[in-house]
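Okay, so here's the structure we're looking at.
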Amino acid sequence: MSRNIVLSVLATAAITTIAVELYHKYVTPTTTSHKLIKTSQNSQPKQHSEELIREQLARNYAFLTEDGMTKVRNQRIIVVGAGGVGSWVATMLARSGVENLRIIDFDQVSLSSLNRHSVATLADVGISKVDCLKNHLLKIVPWINIDVHNKLWNLESAEELLDFNPTYVIDCIDNFDTKCDLLTYCYNKKIPVVSSGGAATKSDPTRINISDISKTEEDPLCKKLRIVLRKRGIIEGIPMIFSAEKPDPRKAKLLPLANDEIKKGDVDQLSALRDFRVRILPVLGTMPGMFGLAIASYVLAKVSDYPIEPIEGKNRYKLYDDLLQSIAGQQTRIGKTDQRVQISMLDVIYLLEDVFRGKSPISNYSTRLTLSRWDSTKEISLQNVVIMTKEEQKLHEKRVLIGGEPLEVVYPREVIELVNKRFKDEAYFSQFR
Ligand SMILES: *[C@@H]1O[C@H](CO)[C@@H](O)[C@H](O)[C@H]1NC(C)=O
Ligand SMILES: *[C@@H]1O[C@H](CO)[C@@H](O)[C@H](O)[C@H]1NC(C)=O
């Protein structure tokens, strides 16, 4: 055996001995000169040695520094939703030193959740998800103040359940309406919030992303959130974790509900917008965990002022305004000044970002964009305007809107089909607006 191996074996043995000692010291505080801190999650306050806590968090202290760790330890974080994503968030925040955690979830651990949960064992099946986490976390970080609520968060329970002076709320809810309400609530109350998109059907770790909600793509849950939140005046300002992995016919998909009227072909994009909870979603267990770990990393960096790329919204108000002006200008050019343009700024954002996905259906270009009436025989409506480039608009006006040529003569069949598909999508999304 080389000298290095001998040393490393000795070191490992020493660490094991220390660890066993440490565990007993946490549980049975000594009367030595260790500085003691009190926690009060039970009726009898336990005392924990500060020196041992620092030893357990030594790597984090080395990383985030004394200052950063003081901030981390003083956080008061609420995790709403303690499933595949939330269990990892709570576990890693606790392991990383956050001392005040509130966890809210109404549900119980089920056998099928063991493919993705951070700590649940077979013995936990049937107990509440929040108690499961509390029991396990107290074995890892016995000094933390962990306060759990086996309740459904909703607008009625909002005040009571968020009454914790939170420094951060982490949304790991999978029910659409509740999620939307939690985000609206935190946004309006200016409570920092981070939210998790959908991990179901996703499998590519390289596409996991954290961005402002206005920049999310390829996640039907985020898309529906954008549309509904905008109606409540929230356009950007909520960081989301999501996967930008594109759907692929060879990959797992969301199955339509029984009795669902959605026709085959629309399923990939649209069925995901239906109720999320009633179906068995295909979930690769690693993905929710990675979402949770990404959120925990992001929050730890944020709260400790560790350098991290800022998350900014699209901030495309100038473009939205230009688009609105462009269709009004077109009405003047084609001599239809009597017809008021019944399209608002929110409509423009929705059309550009959600219906047309930021690009012209004619060329796929995404710069020098305008908004243009499509079929000259129909009134302007959300299903008769198209995002196109300035050059395309000029040609469209000359040939279609003024020249009166049929769309079929001017555009290839694929373009007309794509535009009609976008109008059909709009008809579907409009029910959420
Ligand atoms: C994801 O993150 C990167 C930045 O790291 C960004 O450039 C990219 O456009 C993001 N969004 C999507 C939808 O992939
Ligand atoms: C635009 O992109 C789609 C795929 O997203 C493709 O099917 C279509 O042919 C593209 N159109 C042009 C004009 O490049």
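This is a predicted model, so every value here is computed, not measured. Both ligands and their constituent atoms are indexed starting at 1 by order of listing.
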For this session: Using side chain to side chain donor-acceptor pair (under 3.5 Å) as the criterion, point out the one residue from R76, R73, Q75 that pairs with E99.
Result: R73
Problem set entry | Any non-hydrogen protein atom less than 4.0 Å away from atom 3 (C) of ligand 2 | yes
Exercise. Is any side-chain heavy atom of I295 less than 4.5 Å from a side-chain heavy atom of S196?
Worked result: yes
For this session: Would you mind listing which atoms of ligand 2 come within a distance below 4.0 Å of any non-hydrogen atom of I362?
Result: 13 (C)
Exercise. Does the protein put any heavy atom within less than 4.0 Å of atom 14 (O) of ligand 2?
Worked result: yes
Exercise. So, for atom 7 (O) of ligand 1, does the protein have a heavy atom nearer than 4.0 Å?
Worked result: no
Exercise. Where is the nearest protein heavy atom to atom 1 (C) of ligand 2: which residue, which atom, and how far?
Worked result: N364 ND2, 1.5 Å
For this session: Within a distance under 4.0 Å of any heavy atom of A244, pick out the atoms of ligand 1 and give their elements.
Result: 12 (C), 13 (C), 14 (O)
Problem set entry | Pick from I208, I210, N209: the one approaching atom 10 (C) of ligand 1 most closely through a non-hydrogen atom | N209
For this session: Please check if the side chain of E245 supplies one atom and the backbone of D204 the other of a donor-acceptor pair under 3.5 Å.
Result: yes
Problem set entry | Ring center gap for H117 and W88 short of 6.0 angstrom | no
For this session: Measure the spacing between CG of D219 and CZ of R226 and express it to the nearest 0.5 Å.
Result: 8.5 Å
For this session: List the closest protein heavy-atom neighbour of atom 5 (O) of ligand 2: residue, atom name, distance to the nearest 0.1 Å.
Result: K359 NZ, 4.4 Å
Exercise. With a 4.0 Å cut-off on heavy atoms, is R207 touching ligand 1?
Worked result: yes
Exercise. Got a second to check how far I208's CD1 is from S243's OG, nearest 0.5 Å?
Worked result: 6.5 Å
Problem set entry | Any donor-acceptor N/O pair, S360 side chain to T389 backbone, under 3.5 Å | no
